[in-house]
Amino acid sequence: MRWSNLHTPTLRDAPADAEAASHKLLVRGGFIRQLHAGHYSLLPLGWRVFTKVEAIVREEMDAAGGQEFRLPAMHPASIWKKSGRWDVMGDEKFVVIDRKGAENVLGMTHEEIFATLAQEITSYKSLPQIWYQIQTKFRDEPRPKSGLLRVREFTMKDAYSFDLDEAGLDKNFDLLRDAYVRIFDRLDLPAMPVEASSGAMGGSGSTEFMVPSPAGEDDVVRCNSCDYAANVERSSSALPAVTDRDLPDLIKFPTPGVRTIAALEAVEGGAPSHQQIKTMVMVLDGTTTLALVRGDHQLNMQKLQDGTGATDVRPATPEEAEAALGAMPGSLGAVGVKGLRIVADPVLQGRAGLTTGANEDDWHYRGVNIERDVAVDEWMDLRDVSAGEACISCGAPLEIVRCIESGHIFKLGTMYAEAFGAHVMDPDGNQRPLVMGSYGIGIERNVAAIAETHYDDNGLIWPAAVAPFEAVITVVSLKDEASVAAADALYSELKAKRIDVLLDDRDARAGVKFADAELIGIPYRITIGPKALADGEVEFTVRADGETTRVGLDAIADQLVAALTG
RNA sequence: CGGGACGUGGCGCAGCUCGGUAGCGCACCUGCUUUGGGAGCAGGGGGUCGGGAGUUCAAAUCUCCCCGUCCCGACCA
C-alpha cells in the first residue's frame, strides 16, 4: 500500500469526549470513526487490524477442532421465548418489527440457533462437536463507552461445544480454554483466566479472560503468591476470627439521629462495625428481600443475584423499605421480621452480641443472636472481597486489579438442549440431552484491549501479528531521486516476500511522516534518506523502543524478515 | 434508569454572564520560500451555532420542549 492512496485521517488532537487511551489513539490514528453511541465504522487501518485479530482467532479455533458456521443475525422472537431469554435479556435486546408485524430479535449470542441446529445430532457417535462462527452481535447496552471497548454492535467469535456428558464438556472446556490462552498469547495480551459469574448466560461455571487495564470495567481479585484469581463477583477471602461481645439479652436502645454504620459505632451503647449487621432491603424480581452482611462489609449485587437466581436485582427505594419494615434506611434490621425472604452472608452464621436497626426510626437492638433472633431463610456468600484480605488458598494478601474482559467461556449444561429438544441416543439406547458449553471473544474489544496495552506518548505500538502494516518505508525526501528509486525497489522486494508493507510516498516533511508512522503504530520503520543512502544504507527503527540502526540496503529485507519471524 | 457535564466549519476551542459584526489554533486549497522530527509568509474556501417553539425591532447569546454525545454508578464479548 502506498500511503498517498491510503485513507488515514490522522488528527493532532484527540476528540474531546474520548477518555480511554485506546479510544483516543484509535480515533487520532484514523482507525475508527463513531457513527453514534456504541456504533463505530472501522476505517482501512482499523479493518486491517480487525482482520488480523480475527484470523488468529479463526486459526486457533480451527486448530482446536472447531467447525466454522455462519448464522443469521436476525432471529424470530419465538426462538428467544422458547429458551426463556426473551424475558431474561429484557431491554438489552434489539427488537425489529417486520412488515407483517412480527417481532424479530437481533442476535446477542447464538445459543438458541446452534441448539436448534444441534437437533440434527442424533447419536453419541457424532460427539463431541465444536461449532463456531464470527459474526455481528447486537446489544442495546445501557451505557456504551470507551470507544470500541463497549459498544452496541460488535463482532463476536462465539463457539459452542456439544457432548454426551459432563466429563465430555469438561474436556472440551479445557481444550478451548487452552485455545484461548494461545489466542491471547498471539495477540500479546496478558489475559489471565479467572473464575467468573455466569450471569444471564446461565450454566454451572465460567472462566473470564481478564486483561489488566485502567480502562476496564471489572475488578479481579488476585493473589500474588499463588494462582488464585477470580472476578470480585465470585471471589472469596479468609477473614480473621472475631469474638462475639458478651451481650446475651436482646435490648432495644435509643439512637437518636443515627443513620449510618459509622454513627452507630460512635453512639452511646453502639458497637464496632464488625459487631453490627447491615440490613439491605433489595427487590428481587419484584419481591422485597432482606440481604444481611456484616456491618463493615459491602453487599455484592451480582453475588445476591447469582445466589438467589433472580433476574432483576435492585435496591429498594427508601419508601419501599419503610413500607416493608416500618422505618427509613438507617434504622432497619431483620430481628423478628416475618413474611419477607431473608438471606444472609455466612460470615454472620452463629454470631451473637450483634447490633442492628430496630425498624423504628432512632432505635436499634444490641445483643442480637442471629440464629435466635433472625429468621434467615438462606445463607449465601454476599460480600465484596476487599484488597489486603487473605487468600483462601495460601493466606497471602489479595490485590484487586481493574481489567478488561477479553473473553468469557461458560459451561452451559443441558438447559438449551432441553429447551430445543437437542437429544442424542447414548450407547445404552437412551435419549439424552446434549451438554453444551459456550465460548466468546469480542473481536473489536480485543483490538481495543491491544491498543489499551500497547502505546506510548507518541502513539500506538502494535504487536507485529496484528499491526495494520508490519513495516513502513519512509522516504525522507521525494525530491531525492535516488531515495525514491531505492524505496520503490525495496517496496517491491518486501511485497514479493509477502511482507505487509506501507510505502510513505506522501509529499510531506519528514517530521510529519515520522510522527504519523509512530501514531499509527507500525512496528518497524525503514527510513530512506540521502544521508545513509550515500553509504548504501538505510535506517531501521523499532517502534517499541525507538532503537535505530544503520543497515545495508541489500541486507535490510532479510533483517526485517528476521525481526518479524524472530 | 439515577447523578454530572456538554453540543459553535473536518478536529480542538473562544464568544453566551451584559442579545445587534460568528472568531482563534490545527487541517484544507493556491503561490513563493523552505525541506531528517508535526515549516514560514501571502492569499483563499468552508459554519442551518444539535432541532423546534417562544420572547424581541433583533437570538449562538434569554425562556420552554425535544434530540444527541460523553463521564460516574446498576449490566456484559
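Proteins come first, then strands; the chains are lettered A, B, ... in the order of their sequence lines, and each starts at number 1.
The main-chain N or O of A/P72 is found under 3.5 Å from a side-chain atom of A/H110 such that the two form a donor-acceptor pair. Here the side chain of A/R48 pairs a donor or acceptor atom with the backbone of A/P468 at under 3.5 angstrom.
Look at CD on A/E92: it is 13 Å from C1' on B/C1, rounded to the nearest Å. Residue A/K137 contributes atom NZ, which lies 14 Å from atom C1' of B/C76 at whole-angstrom precision. One atom, CZ of A/R152, and another, P of B/C76, lie 17 Å apart when rounded to the nearest Å. Protein atom CG of A/L187 is 14 Å distant from nucleotide atom C1' of B/A77, rounded to whole Å. Computed from coordinates, the A/M280 CE to B/A74 C1' distance equals 12 Å when rounded to whole Å. The distance from atom CD of A/E537 to atom P of B/G36 is 20 Å, rounded to the nearest whole Å. Regarding A/L304, its CG atom lies at a distance of 13 Å from the C1' atom of B/A74, rounded to whole Å. Straight-line distance from the CG atom of A/D140 to the P atom of B/C76: 14 Å, rounded to whole Å.
A side-chain donor-acceptor contact under 3.5 Å links A/H454 and A/D188. Counted by atom type alone, A/D480 and A/S483 present one or more donor-acceptor pairs between their side chains at under 3.5 Å. Side-chain N/O atoms of A/T527 and A/E539 include no donor and acceptor closer than 3.5 Å.
Projected onto RNA chain B by closest heavy-atom contact, A/A18 and A/G442 fall at different nucleotides, the more 5' of which corresponds to A/A18. If A/I441 and A/P144 are placed on RNA chain B by their nearest nucleotide, the residue sitting closer to the 5' end is A/P144.
Among the heavy atoms of the strands lying under 4.0 Å from A/S146 are primed sugar atoms or P, OP1, OP2 only; no base atom is included. Counting any heavy atom pair closer than 4.0 Å across all strands shown, A/Q34 reaches sugar-phosphate atoms only and no base atom. Residue A/D158 is classed as having no contact, given no heavy-atom separation below 4.0 Å to the nucleic acid. Among the protein residues, A/E141 comes within range of the nucleic acid bases, having at least one heavy atom under 4.0 Å from a base atom. Counting non-hydrogen atoms under 4.0 angstrom, A/V151 reaches a base of the nucleic acid. Residue A/D516 is in base contact, counting any heavy-atom pair closer than 4.0 Å across all strands shown. Note on A/R150: a base of the nucleic acid sits closer than 4.0 angstrom, heavy atoms only.
Here the side chain of A/M156 is nearest to one of B/A77, B/C71, B/C76, namely B/A77. Nearest to the side chain of A/E405, among B/C76, B/G36, B/C70, sits B/C76. Which of B/C76, B/U69, B/C71 sits closest to the side chain of A/K145 comes down to B/C71. Among the nucleotides B/A77, B/A39, B/C70, the one closest to the side chain of A/V512 is B/A39. Nearest nucleotide to the side chain of A/H36, out of B/G37, B/A77, B/U69: B/U69.
For A/R143 and B/C1, a side-chain-to-base donor-acceptor distance below 3.5 Å is absent, hydrogens and geometry of angles not being considered.
Comparing the P positions of B/U30 and B/C11 gives an interatomic distance of 22 Å, to the nearest angstrom. For the C1' atom pair drawn from B/A39 and B/U34, the interatomic distance equals 7 Å after rounding to whole Å. Rounded to whole Å, the P atom of B/U21 lies 13 Å from the corresponding atom of B/C16. On the C1' atoms, B/A58 is 31 Å away from B/A5, given to the nearest whole Å. Rounded to whole Å, the C1' atom of B/U63 lies 26 Å from the corresponding atom of B/C70. Rounded to whole Å, the P atom of B/U61 lies 16 Å from the corresponding atom of B/U56. Across the P atoms, B/C24 and B/A42 are found 14 Å apart, a figure rounded to whole Å. Taking the C1' atom of each, B/G4 and B/G40 are spaced 45 Å apart, rounded to whole Å.
For B/A5, the paired base is B/U69 (Watson-Crick or G-U wobble, both distances below 3.5 Å). With a cut-off of 3.5 Å on both pairing distances, the Watson-Crick or G-U wobble partner of B/C13 is B/G23. Across all strands shown, nothing is found opposite B/G36 as a Watson-Crick or G-U wobble partner with both distances under 3.5 Å. Using the Watson-Crick or G-U wobble rule with both distances under 3.5 Å, B/A60 pairs with nothing in any strand shown. With a 3.5 Å ceiling on both atom-pair distances, the Watson-Crick or G-U wobble partner of B/G31 is B/C41.
For the pair A/R445/A/V151, no side-chain contact is recorded, criterion being any heavy-atom separation below 4.5 Å from C-beta on.
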What string of B, S and - do you get for nucleotides 27-35 of chain B 5' to 3' if you count protein non-hydrogen atoms under 4.0 Å? S------BB
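Heavy-atom contacts from other residues, nucleotides or ligands closer than 6.0 Å to CD of A/Q559 number more than 12. Within a 6.0 Å radius of CZ in A/F50, more than 12 heavy atoms belonging to other residues, nucleotides or ligands are found. Counting heavy atoms of neighbouring residues, nucleotides and ligands inside a 6.0 Å radius, atom CG of A/D91 does not exceed 12 of them.
Tested against A/F69, the residues A/F114, A/Y132, A/Y160 include a single ring pair (Phe, Tyr, Trp, His ring centres under 6.0 Å) partner, A/F114.
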Apply side chain to side chain contact (heavy atoms under 4.5 Å, CB included) to residues A/R341 and A/L290 and explain how you reach the verdict. CA-CA 6 Å; A/R341 182 179 186 186; A/L290 301 186; over 6 Å; no
From CA spacing to verdict: side chain to side chain donor-acceptor pair (under 3.5 Å), A/T541, A/R543: CA-CA 6 Å; A/T541 304; A/R543 173 68 182 90; over 6 Å; no
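The aromatic rings of A/F31 and A/W462 sit tilted relative to each other, their planes meeting at an angle between 30° and 60°.
Less than 4.0 Å separates RNA chain B from at least one heavy atom of each of the following residues of residues 520-530 of chain A: A/R525, A/T527, A/G529, A/P530.
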Please produce a list of atom pairs where a protein N or O lies less than 3.5 Å from an N or O of nucleotides 8-16 of chain B.
unit_1, atom_1, unit_2, atom_2, d
B/C11, O2', A/D13, O, 3.4
B/G12, OP1, A/A16, N, 2.8

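With rounding to the nearest 0.5 angstrom, the NE2 atom of A/H297 is 13.5 Å from the CG atom of A/L292.
Here A/F154 packs flat against the base of B/A77; its ring centre is closer than 5.5 angstrom to the base's six-membered ring, tilted by less than 30 degrees.
Classification of A/R186 and A/E60 as a salt-bridged pair holds, one side-chain N sitting under 4.0 Å from a carboxylate O.
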